**Student:** 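Quick one: structure below, then a few questions.
When a ligand or atom number is given, it counts from 1 through the structure's own listing order. It should be emphasised that the depicted structure is a prediction, and the values quoted were computed from it without experimental measurement.
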Amino acid sequence: MAPSAVASTVHAGEQDLDLTSSALDHRSAENGQSNGSTNGSNAPPSSNGQDNGVAQPNVHQLDASKITYTFTKEPRDVPPPGVHSIDGATICTDHMITVAWSARSGWKTPELRPYGPLSLMPTASVLHYATECFEGLKAYRGFDGKLRLFRPDCNAARFLMSSVRISLPSFTPAEVEKLLLALMAVDGPKWLSRERPGSFMYLRPTMIGTQSQLGVQAPSEALLYIIASYMPVMDSPVGGMKLHTSPDDMVRAWVGGFGYAKVGANYGPSLLATQEARARGFGQILWLYSSEGYCTEAGASNFFVLWKSKEGKTQLITAPLDDRLILDGVTRRSVLQLARERLGDEIEVVERKYTIQEVMEANSEGRLIESFAAGTAYFVCPVSLIHHRGKDVEIPMGKAGEGGPYTLKLKDWLKDIMYGNVEHPWGVVVQEER
Ligand SMILES: *Cc1c(COP(=O)(O)O)cnc(C)c1O
């Protein structure tokens with residue numbers, strides 16, 4: 001009997017399930033915004049009067065228009081093409097952007113200032129509790145001379161999602177996009193010169209918890225910074241990318257975890273397996289999940305397979321987003337969209353869970369067509385081999401050995417957008433300072 005007992009159990013259950021989404025919503029509401037970028041439960045505001053979602057007049061929003069400029073007095077030389085680091089240190093441009101935040105007063109004035117070391121107390125939250133998240137996107141010097149970012153709105157939105165996931169502050173994503181443009185407006189003309197069309201830089205927005213108080217708690221101070229660096233071209237390794245599947249006793253991310261967020265805590269622990277795979281001649285780990293061996297990601301890139309299904313359909317398959325195991329890559333999203341728009345007649349685009357056994361079976365039945373990894377760093381990188389539990393799966397690399405025809409077609413379409421060979425809304429032009 002006791003319908004009330006049943007009702008209250010259900011209610012308690014709902015509250016528990018709501019804990020994460022309410023926490024995320026409260027975090028977003030702190031700066032008086034609700035931009036719907038978190039997963040938007042309609043949980044009522046908490047009644048403690050502190051984070052009730054009402055903007056306090058003295059808590060400032062992130063505002064890119066307030067940016068101040070302090071130019072370097074020691075401009076550095078641009079390295080020759082192909083040089084990305086010196087003594088193991090990444091080469092960055094002359095300037096960086098920093099913006100400090102505190103729970104009490106919100107966002108301070110964004111500053112463009114000389115690139116250089118940060119000052120942190122040894123007790124800073126990020127150094128102990130991994131309160132760090134980041135983004136990665138490239139700036140491209142087009143063949144038409146213009147400088148472009150690729151879908152920076154997607155990176156800014158994901159940056160917000162990651163930040164809020166680890167109790168770092170929220171912000172209006174469009175302001176971060178403006179800051180990215182501001183940095184490239186200043187450093188782009190020199191560091192990505194018009195004399196080098198077809199080259200790129202790598203932008204790294206980062207957020208860290210800086211409060212200098214030990215204790216496991218959400219930091220009340222944070223720093224957002226953006227740097228621009230060089231990075232090698234990694235999308236066409238000789239002989240293709242070779243993957244080693246993850247060991248049975250290691251997973252990159254798990255359901256209920258944070259694999260979908262670009263938080264530093266996802267990467268450090270993956271290096272052990274990656275280092276071992278590299279020592280054995282492989283480029284990246286193909287991260288499998290659960291005893292079923294679901295294919296998830298290749299290193300820090302999304303992973304794609306082209307095969308003929310048992311029914312004879314040509315399919316482009318990749319892991320889904322709904323279980324929140326993998327990162328929602330901007331490259332992944334763009335590949336899927338272009339494939340659906342432009343190859344929809346020839347291939348079926350499928351986002352579903354699929355296992356390494358299915359890939360091995362497709363291989364042994366001659367149905368495996370192509371494979372590639374996709375992400376900003378590796379761009380669209382053909383995969384030529386997967387090593388799994390003592391067996392090698394070899395994947396066709398096309399006539400010229402540079403990747404299969406679909407892989408190369410998708411890659412070229414994206415390149416055309418990035419380097420301005422075609423006008424496309426995904427390519428956002430930087431208005432450079434002269
Ligand atoms: C950054 C990243 C990707 C690629 O995302 P893009 O937005 O395409 O650069 C894929 N997987 C992981 C785990 C990543 O960290």
**Student:** Does an N or O anywhere in Thr331 fall below 3.5 Å from an N or O of ligand 1?
**Tutor:**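 Min N/O separation from ligand 1 is below 3.5 Å for Thr331.
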**Student:** Counting only heavy atoms not in Asp392 (residues, nucleotides, ligands), do more than 12 fall under 6.0 Å from its CG?
**Tutor:**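 Yes.
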**Student:** Can you list the residues that meet the side-chain contact (heavy atoms from CB on, under 4.5 Å) rule with Pro197, with sequence neighbours excluded?
**Tutor:**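 In terms of side-chain contact (heavy atoms from CB on, under 4.5 Å), with neighbours along the sequence ignored, Pro197 is linked to Phe143.
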**Student:** Lys262 to ligand 1: N or O pair under 3.5 Å?
**Tutor:**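 Looking only at distances, the answer is yes, because the N/O contact criterion of under 3.5 Å is met.
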**Student:** Mind checking what makes side chain to side chain donor-acceptor pair (under 3.5 Å) contact with Thr314, not counting sequence neighbours?
**Tutor:**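 Listed in chain order: Lys308.
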**Student:** Determine, using heavy atoms of Arg252 and all atoms of ligand 1, whether some pair is separated by less than 4.0 Å.
**Tutor:**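 For ligand 1, residue contact (heavy atoms, under 4.0 Å) with Arg252 is present.
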**Student:** For Arg194 and Glu432, what are the C-alpha separation, side-chain angles and deciding distance, and is it a side-chain contact (heavy atoms from CB on, under 4.5 Å)?
**Tutor:** CA-CA 11 Å; Arg194 283 167 200 266; Glu432 298 171 85; 3.6 Å; yes
**Student:** Which class fits the ring pair Phe372 and Phe304: parallel under 30°, tilted 30 to 60°, perpendicular over 60°?
**Tutor:**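 Phe372 and Phe304: parallel rings.
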**Student:** Please report which non-hydrogen protein atom sits nearest to atom 9 (O) of ligand 1, along with the residue it belongs to and the distance in Å to one decimal place.
**Tutor:**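 Here the closest protein heavy atom is Thr376 OG1, 2.6 Å.
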**Student:** State the atoms of ligand 1, each with its element, that fall below the 4.0 Å cut-off from a heavy-atom position in Glu297.
**Tutor:**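 Listed by number with element, the hits are 10 (C), 11 (N), 12 (C), 13 (C).
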**Student:** Give the residue and atom name of whichever protein heavy atom lies nearest to atom 15 (O) of ligand 1, and the separation in Å to one decimal.
**Tutor:**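 Nearest protein contact, heavy atoms only, for atom 15 (O) of ligand 1 is Tyr267 OH, 2.4 Å.
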**Student:** For Leu192, does its backbone N or O pair with a side-chain atom of Arg141 as donor and acceptor, under 3.5 Å?
**Tutor:**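 Yes; at least one donor-acceptor contact below 3.5 Å.
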**Student:** Of all the heavy atoms in Arg158, does at least one lie under 4.0 Å from an atom in ligand 1?
**Tutor:**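 Arg158 counts as a contact of ligand 1 under the 4.0 Å cut-off.
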**Student:** Side chain, backbone, both or neither: which part of Asn302 has a heavy atom under 4.0 Å from ligand 1?
**Tutor:**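 Near ligand 1, Asn302 shows its backbone as well as its side chain.
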**Student:** Does Ser301 approach ligand 1 within less than 4.0 angstrom via side chain, backbone, both or neither, non-hydrogen atoms only?
**Tutor:**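 The answer is the backbone.
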**Student:** With a 3.5 Å cut-off and no angle check, do the side chains of Thr98 and Arg113 form a donor-acceptor pair?
**Tutor:**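 Their side chains do contain a donor-acceptor pair, which is all the 3.5 Å distance test asks for.
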**Student:** At what distance, to the nearest 0.5 angstrom, does NE2 of His388 lie from NE2 of His244?
**Tutor:**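 So the NE2 of His388 and the NE2 of His244 are separated by 10.0 Å.
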**Student:** What's the shortest distance from atom 5 (O) of ligand 1 to any protein heavy atom, and which residue and atom give it?
**Tutor:**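 The protein heavy atom lying closest is Gly329 CA, 3.4 Å.
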**Student:** Hey, looking at atom 10 (C) of ligand 1, which of Ala373, Gly299, Gly375, Ala300 has the closest heavy atom?
**Tutor:**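 The residue whose heavy atom sits nearest atom 10 (C) of ligand 1 is Ala300.
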**Student:** Using a 3.5 Å cut-off on N or O atoms only, is Val330 in polar contact with ligand 1?
**Tutor:**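 Between Val330 and ligand 1 (N or O atoms, distance only) the closest approach is under 3.5 Å.
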